[in-house]
Amino acid sequence: MSHNTISLNQQRQPLDHLDSVWLFGYGSLIYKTDFDYLAAKPACIYGWERRFWQGSHDHRGTPEAPGRVLTLIEAVGARCAGMAYQVTPATFKHLDHREKNGYLRIFTPLHWLNETGEVQGVVYVASADNEAYLGPDTDAAIAAHIARSHGPSGPNSEYVLQLAQALRDMNQQDEHVFAIERELLKL
Ligand code: SIN
């Protein structure tokens, strides 16, 4: 699968018939909201965990020297907390462009963190068959890769540090994110 997913997302999952859509963010979408939204609420999804296993050609690296950013990996019993945003379908023109480097939109149930209830929402997942996928490595190797990477959106390290801080601000733990942050701070 090509790493540019803009037209794939628009063909596979048209959203224009809906009044609004809940988008779940687990990475940069938690701390960088460069789009309008109608409402925002902390939420979590089950059966998925965050991993710095996706290459970034367009934000935190370049095609010649990709950075490492998050994707979601399916894992039985896992829970991933993030932010949900209620957006209009038109907002996906911007979001699909922002998340074009290998991410496909899927629908999944979102559970609110501060109230009961759930809603169907959309999440961007970069699966192992996209061309930009990098896959697992040790925490130290992932951190070293992140420490030397830089792209149009800024240093790759900023992606990790801002996300870790945003999770702490939400009182949420993520062992993988905090382990990579610890390794990064040692360098
Ligand atoms: C997300 O934040 O939900 C997707 C991955 C990213 O843009 O960092």
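Along the sequence shown, residues are numbered consecutively beginning with 1. Counting starts at 1 for both ligands and their atoms, in listed order.
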Carboxylate-amine/guanidinium proximity below 4.0 Å for Lys41 and Glu115
yes
Looking at Phe178, I'd like to know if the NZ or CZ of Arg168 sits under 6.0 Å from its six-membered ring centre while staying within 45 degrees of the ring's axis.
yes
Are any of the N/O atoms in Leu29 less than 3.5 Å from those in ligand 1?
yes
Any side-chain heavy-atom pair of Arg12 and Thr5 under 4.5 Å:
no
For atom 6 (C) of ligand 1, closest protein heavy-atom neighbour
Ser28 OG, 3.3 Å
Would you please test Arg105 and Glu99 for salt bridge (Lys or Arg N to Asp or Glu O under 4.0 Å) and show each step?
CA-CA 9 Å; Arg105 295 189 236 119; Glu99 304 297 327; over 6 Å; no
In this structure, atom 3 (O) of ligand 1 is nearest to the protein heavy atom Tyr26 N, 2.9 Å
Polar proximity ligand 1 side, Tyr159 side, N/O cut 3.5 Å exclusive:
yes
Counting only heavy atoms, which portion of Glu99 has something under 4.0 Å from ligand 1: side chain, backbone, both, or neither?
side chain
Polar-atom distance check: Gly25 versus ligand 1, any N or O pair below 3.5 Å?
no
So, does Tyr124 use its side chain to make a donor-acceptor pair with the main chain of Phe24 at under 3.5 Å?
no
